[in-house]
Structures are given as C-alpha cells and as structure tokens.
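Keep in mind it's a predicted model, so treat the numbers as computed, not measured.
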Amino acid sequence: MNERVVVLNGLAQGIRPLDQGVDWFGSQDGTEQFEVLRDLAGFCIQARALVEDGPEAIRRSGIRPKCSPLASDVRPGRGTDRGPVPQGGTKEDRS
C-alpha cells in the first residue's frame, strides 16, 4: 500500500484528523495532488458514491462548499456522469 492510500484510509476512518489531511494534501506538488484526487475518485467509485452524496460529504468535511473540487463536481450540469477532467484539460477533453 502506498502513502496516498494509507493517508486517505486514515482520513476516511477518522484515524487522522481532517486538518492533518488538508496540510498533507497542500504539501503535495500538482502531480501528486492529481494522483491523490484520482485515487480518491477510485475509492468513491468502489464505495458506489452518488452525486446526491456530494452535498452531505462537503457538509461533513467542514470544507467551504464553493472551495472544494468536489463542490464543483456535484453541481448540476457539471459532467459528473463522465468522470474527472484530465489534468490540464477541459471537460470536452474527456473520452
């Protein structure tokens, strides 16, 4: 298991405080942050998370709703049915 998986699991289980996760994520470079978000998206798929779960997840996280990539993904019409936008790309770049 790599560090990303261990940290994300610890955050999901409440073993690590959210503040520690925010600091850890902020310390990653752009490529590493992309990989963290990619892994997190995979975990959400495994957990069968739905778009409807987004607002509750944002509320529980304590993150301001308009400051989260998740917040922009759960707004209607944001393309949540087609997966994440490729790094450096636009929604239209998705295949």
Legend entry - Short side-chain to backbone donor-acceptor contact, Q33 and F25, under 3.5 Å: yes
Legend entry - side-chain hydrogen bond (donor to acceptor under 3.5 Å, both in side chains) partners for E56, two or more places apart: R59
Inset, instruction - Could you pull out all residues at least two apart from E3 that satisfy side-chain hydrogen bond (donor to acceptor under 3.5 Å, both in side chains)? - result: W24
Inset, instruction - State, yes or no, whether a side-chain contact exists between V6 and N2 at a heavy-atom distance under 4.5 Å. - result: no
Legend entry - Closest heavy-atom pair and its distance - L11, L18: CD2-CA, 4.1 Å
Legend entry - Sequence neighbours excluded - salt bridge (Lys or Arg N to Asp or Glu O under 4.0 Å) pairs with any residue from residues 34-45: R4-E35, R4-D39
Inset, instruction - Could you state whether V36 and F43 fall into the same hydrophobic cluster, counting links through intermediate Ile, Leu, Val, Met, Phe, Trp or Tyr residues with side-chain heavy atoms under 4.5 angstrom apart? - result: yes
Legend entry - Verify same cluster id: L37, V5 (apolar side-chain graph, 4.5 Å): yes
Inset, instruction - Working to the nearest 0.5 Å, report the span between CZ of R16 and CG of N9. - result: 10.0 Å
Legend entry - Between CG on residue D53 and CZ on residue R48, distance to nearest 0.5 Å: 13.0 Å
